[in-house]
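Contents: one structure, followed by commentary.
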Number of protein chains: 2
Amino acid sequence: MSRLSYYGDMALRYALIGLLLDRPGSGYDLARRFEEVVGAYAWDARHSQIYPELRQLEGEGLIEVAERGARGRTTYRCTSEGLAALRAWLMAPPARPGGVRNEHVLRLFLLGALGREEALVVLRRTEEGATTQLEHLTEQFARLQEGTGSDSGGPLGLTAQYGIHSYRATAEWARWAIAQVEADPDFGLRDVEVRSGH
Amino acid sequence: MSRLSYYGDMALRYALIGLLLDRPGSGYDLARRFEEVVGAYAWDARHSQIYPELRQLEGEGLIEVAERGARGRTTYRCTSEGLAALRAWLMAPPARPGGVRNEHVLRLFLLGALGREEALVVLRRTEEGATTQLEHLTEQFARLQEGTGSDSGGPLGLTAQYGIHSYRATAEWARWAIAQVEADPDFGLRDVEVRSGH
DNA sequence: TCTCGACATGTCGAGTTTGATATGTCACAC
DNA sequence: GTGTGACATATCAAACTCGACATGTCGAGA
């Protein structure tokens, strides 16, 4: 079985190994961590994909069962083989550039299809969303600094800062874009320009 | 046929309509535009997916054949129905937050799995990559400003600026992260910490 | 005791996406 | 004239992913 995932080879498995390296967890637990942390801006997966992948990884010896608890809970832990595989993957430069999917960014790409007022609505929505995320992550980073007693907040602090930089950039871009559109009475498609259906 | 794509409903079709709105083009042409422009940070698609989707869209009347040229070239154009569909999609708030896939960002998330020196290698690689992209996009933006005679560079200028903001944020974050790791002799996993395989 | 909601895992059909493979045209250089 | 590389479209098996459905446990509070 070749186990080649199309989006950046085997990203899901390394995400899981990495999550387990941080701390052991069950499939349920990992599914929630995906949703809350990784899913927001790095990768996305559902439990229906996570459970089979965990069994696969266990079969390959990259993770192991740490504990079988109540309610059928199976807690996994990363093995040294898993860590070695993850490190090898991280050090190898990405096979393919691109391979990105981000619906939110795609929408921003297509803004030219809207009229001026509509574009402003979408841009304001973008600005608000980014600002909210920024506040959220800033708090989280402060907690990480306290928790680790380090300025960087440890490895998770690095991640949080990445998010902070990204969302700040988006919010700043949105404010710039709003100003540009507001200053340009001709921005966007006129309804007049719409071509007839055929 | 329900035509529900899992990653953000029907993102591919709207990306294609949007690309055709900018200017008509053939499947081959759109495949290249995907690779060069959209694929880099918004969405990704191959010709083997693009050709069938174009036929589907034509069947639904959202795009139409503009011209049949040499070498079997079929140039498509967006119809008013297609534009209306695109606008409706853009104005409807995204069904699902998240749904993001970005292998590059995922790698950054997993940096904690590396030792100090290895993490620095990856971070420096990240910083260089982002800086290169930044230079590239800055040039492109200047050309768009010239071309459109507008400060914003038109809708494509907005897109280019988004990229500029994003890559600048990544480069700045990488420099910050490098400084943090360099200042912290204890960063990263010690080989000693690696657990035995079982 | 019973019910509700969070915990926890599992399955599968339907649909999506890839990478490989195939076919052929055209322009240009050698 | 013939080889090379860009142009241009097509197909399909294999693999991946989703959403929906299914099953059951456990603790807390009514």
Side-chain angles (χ1 to χ4, degrees), chain A residues 1-16 24-36 38-39 43-59 63 65-76 95-101 103 106, chain B residues 1-16 24-36 38-39 43-59 63 65-76 94-101 103:
Chain A
M1 194 191 312
S2 79
R3 300 273 340 136
L4 282 173
S5 132
Y6 20 122
Y7 263 108
D9 301 304
M10 318 205 195
L12 172 60
R13 48 178 35 211
Y14 294 117
L16 288 173
S26 65
Y28 187 84
D29 184 32
L30 291 165
R32 275 188 315 169
R33 283 201 253 167
F34 249 99
E35 219 174 291
E36 289 165 20
V38 189
W43 208 264
D44 178 54
R46 311 297 146 107
H47 77 270
S48 56
Q49 208 188 342
I50 289 171
Y51 286 115
E53 189 69 40
L54 287 172
R55 265 172 291 164
Q56 176 76 32
L57 287 169
E58 198 208 339
I63 63 174
V65 175
E67 186 198 346
R68 292 193 195 273
R71 290 183 246 197
R73 179 187 183 96
T74 307
T75 304
Y76 292 95
R96 213 195 323 177
V100 169
R101 291 203 165 180
E103 188 190 319
L106 178 62
Chain B
M1 195 193 311
S2 79
R3 301 271 340 133
L4 283 173
S5 133
Y6 21 119
Y7 263 108
D9 301 304
M10 319 206 194
L12 172 60
R13 47 176 39 208
Y14 294 116
L16 289 172
S26 65
Y28 185 85
D29 184 30
L30 290 165
R32 274 189 317 169
R33 283 202 253 166
F34 249 100
E35 220 174 289
E36 287 165 21
V38 189
W43 208 263
D44 178 55
R46 312 297 147 106
H47 76 269
S48 56
Q49 209 187 340
I50 289 171
Y51 287 114
E53 189 69 39
L54 287 172
R55 265 172 294 167
Q56 175 76 31
L57 287 168
E58 197 208 341
I63 64 175
V65 174
E67 187 196 347
R68 293 193 193 274
R71 287 182 247 196
R73 179 189 183 96
T74 307
T75 305
Y76 292 95
R96 212 193 328 173
V100 169
R101 288 201 170 184
E103 187 189 320

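Remember, it's a predicted structure, so these values are computed and weren't measured experimentally. Chain letters run A, B, ... following the sequence lines, proteins first, then strands; residues in each count from 1.
- For a distance-only test at 3.5 Å, the side chain of B/His47 qualifies as a donor-acceptor partner of the base of D/dA10.
- Residue-to-nucleotide contacts include no donor-acceptor pair under 3.5 Å from the side chain of A/Ser48 to the base of C/dG10.
- Here A/Arg68 lies out of heavy-atom contact (under 4.0 Å) with every strand.
- Contact annotation: A/Arg55 side-chain N/O to C/dT11 OP1/OP2 distance is under 4.0 Å.
- Checked against C/dT11, D/dC26, D/dA10, the side chain of B/Tyr51 finds its nearest nucleotide in D/dA10.
- Of the candidates D/dT9, C/dC7, D/dC18, C/dC7 carries the atom nearest the A/Arg73 side chain, counting heavy atoms from C-beta on.
- The line from CZ of A/Arg68 to OG of A/Ser26 is 12.5 Å long, rounded to the nearest 0.5 Å.
- For D/dT17, one of the phosphate oxygens OP1 or OP2 lies less than 4.0 angstrom from a side-chain nitrogen or oxygen of B/Arg101.
- Note on A/Arg71: every side-chain N or O is 4.0 Å or more away from OP1 and OP2 of D/dG27.
- Distances shown here put every side-chain N or O of B/Gln49 at or beyond 4.0 Å from the OP1 or OP2 atom of C/dT16.
- Rounded to the nearest 0.5 Å, atoms CZ (A/Arg13) and CD1 (A/Ile63) are 9.5 Å apart.
- Between the CD1 atom in A/Ile50 and the CG atom in A/Leu16 there is a gap of 6.0 Å [rounded to 0.5 Å].
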